[in-house]
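Below is one structure, written out as structure tokens; comments come after it.
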Amino acid sequence: MVIYGLGIVAGCYFVGNFVGRFLGQLIGIGGNVGGVGLAMLLLVIVTARIQKKQGGFSEKTSKGIIFLSSIYIPVVVAMASKQNVLAAVEGGAVAFLAGGVATIGAMLLVPVISKLGSKVSVSGGDEA
Amino acid sequence: MITKVLNSIIGRDGFILSFAFVALIMVAAYYIAKLIKQEKMGSAFAIIAGLVVAYIAGKFTGGTKGIADIPIFSGFLILGGSALRDYTIVSTAYGVKMENLKKAGLAGIVSLIVGVSFSFIIGAIIAKLLGFTDPKEITTIAAGAVTFIVGPVTGDALGVSSEIIALSVAAGVVKSVLTMIITPLIAKKIKLDNPTTAMVYGGMIGTTSGVAGGLAATDIKLVPYGAMTATFYTGLGTLVCPSIGYLIINLIF
């Protein structure tokens with residue numbers, strides 16, 4: 001059933017956010033620390049598990065999950081529509097510069113990383 | 001009489017109405033995208049349209065919640081709220097397979113770590129240069145330079161104001177739109193013509209819509225490779241930015 005798909009994602013969402021909020025309390029900054037990322041990882045693990053056990057979710061269950069990911073862009077559009085954009089525009093340059101420089105810089109680094117990555121000799125970088 | 005009927009609908013059915021309004025925004029955005037023969041940019045246009053709508057609403061109402069400050073559009077608070085946003089984002093991890101994750105290997109993992117760190121650091125430096133001093137605000141803007149999802153998730157976690165969250169969304173949208181436009185132009189120069197480079201590309205840039213759109217405009221076969229690492233980028237960003245990222249920013253500034 002389609003609702004199973006919605007339920008599986010909701011389950012991952014709750015477990016992830018629970019751990020995320022717990023971590024937040026633990027570190028002492030409060031809030032939700034990476035709950036969404038953890039929930040995503042959990043969904044990947046659950047999916048892999050089900051794949052191994054019974055060859056994946058039924059078509060209808062998977063339709064429920066796909067339904068959610070297909071309304072992700074509309075939800076982001078709604079999120080954009082309720083932001084305080086007026087204030088953002090008034091402080092504008094920072095958004096354009098931060099987004100722009102990060103994008104172009106990262107693109108130029110792509111050939112470097114592909115080379116490094118294939119040589120298997122890299123330790124990574126500082127996590128920030 | 002009509003106002004009375006309308007008012008009774010708004011109170012109860014605002015959430016349902018918001019679906020119709022978002023659908024209208026999407027229709028308009030995809031129509032424009034089709035008109036200028038940039039169909040892949042439909043979602044980017046829709047997000048920009050949302051930001052424009054919020055800007056206009058802010059001018060009219062003087063409020064801080066964009067279109068949601070107009071009573072009939074109050075349903076946007078739920079549809080565009082953090083609960084549904086996070087719920088739908090989690091679902092996008094579906095389809096990422098463990099084997100592929102392992103296959104992506106070192107190049108993919110390195111690109112993810114370097115990619116998130118790079119955008120975050122650049123975003124933080126620019127926020128600092130442009131006069132932001134509160135570590136929570138710097139972190140949120142820096143997270144926005146990671147993606148337009150990581151920004152608001154980080155901002156919510158740290159409890160910054162809606163203006164800063166809007167800035168972080170705007171930074172992420174700039175990134176997404178630029179990626180879609182520049183990818184096909186720069187592809188040859190950065191040797192973006194094979195699966196490994198596509199995975200590295202997804203891991204370096206990370207904005208899923210931008211990477212998917214940009215790669216589709218370059219070579220449709222590369223899309224799943226780039227999208228796969230990109231899917232983890234937002235996950236890694238939401239994990240790292242409000243935690244380690246904030247701690248580091250808090251130490252430095």
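Chain A is the first sequence line, chain B the second, and so forth, proteins listed ahead of strands; every chain is numbered from 1.
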Contact class of [X] relative to chain A, heavy atoms under 4.5 angstrom:
X	answer
B:I186	side chain
B:I249	neither
B:F148	both
B:I25	side chain
B:Y201	both
B:V90	both
B:T154	neither
B:K191	neither
B:A23	neither
B:I122	side chain

If you take all heavy atoms of [X] and [Y], which pair is closest and at what distance?
X	Y	value
A:L23	A:L38	CD1-CD1, 4.3 Å
B:A171	A:A98	CB-CB, 4.3 Å
B:T139	B:C241	CG2-O, 3.6 Å

Heavy-atom pairs under 4.5 Å with chain B - which of A:I73, A:I104, A:I8, A:V46 has more of them than the others?
A:I73

What option among A:F96, A:F14, A:Y72 has the most heavy-atom pairs under 4.5 Å with chain B?
A:Y72

Winner by heavy-atom pair count (cut-off under 4.5 Å) against chain A, out of [options]:
options	value
B:P152, B:G75, B:G172, B:S162	B:S162
B:A68, B:G159, B:S119	B:S119
B:L79, B:L192, B:V53	B:L79
B:V173, B:N250, B:T197	B:T197
B:S91, B:G58, B:A127, B:A54	B:S91
B:G237, B:A83, B:G203	B:A83

What part of A:L43 gets within 4.5 angstrom of chain B, counting heavy atoms only: side chain, backbone, both, or neither?
side chain

Non-hydrogen atoms of chain B under 4.5 Å away: do they reach the side chain of A:S70, the backbone, both or neither?
neither

Side-chain donor-acceptor pairs under 3.5 Å in residues 107-116 of chain B, sequence neighbours left out?
{"from": "B:S111", "atom 1": "OG", "to": "B:A107", "atom 2": "O", "distance (Å)": "3.2"}
{"from": "B:S111", "atom 1": "OG", "to": "B:G108", "atom 2": "O", "distance (Å)": "2.7"}

Roughly how far, to the nearest 0.5 Å, is the [atom2] atom of [Y] from the [atom1] atom of [X]?
X	Y	atom1	atom2	value
A:M40	A:I45	CE	CD1	12.5 Å
B:S161	B:E137	OG	CD	5.5 Å
B:I205	B:K175	CD1	NZ	6.5 Å

Does the side chain of A:S58 pick up a donor-acceptor pair with the side chain of A:Y4 at under 3.5 Å?
no

Anything under 30° is parallel, anything over 60° is perpendicular, the rest tilted; go ahead and classify A:F18 against A:F22.
parallel

Partner residues of A:L6 under the side chain to side chain contact (heavy atoms under 4.5 Å, CB included) criterion, sequence neighbours left out:
A:I3, A:F67, A:L68, B:Y87

Within the side chain of B:T140, is there an N or O that forms a donor-acceptor pair under 3.5 Å with the backbone of B:K136?
yes

Residues, nucleotides or ligands: over 12 heavy atoms within 6.0 Å of A:K63 NZ
no

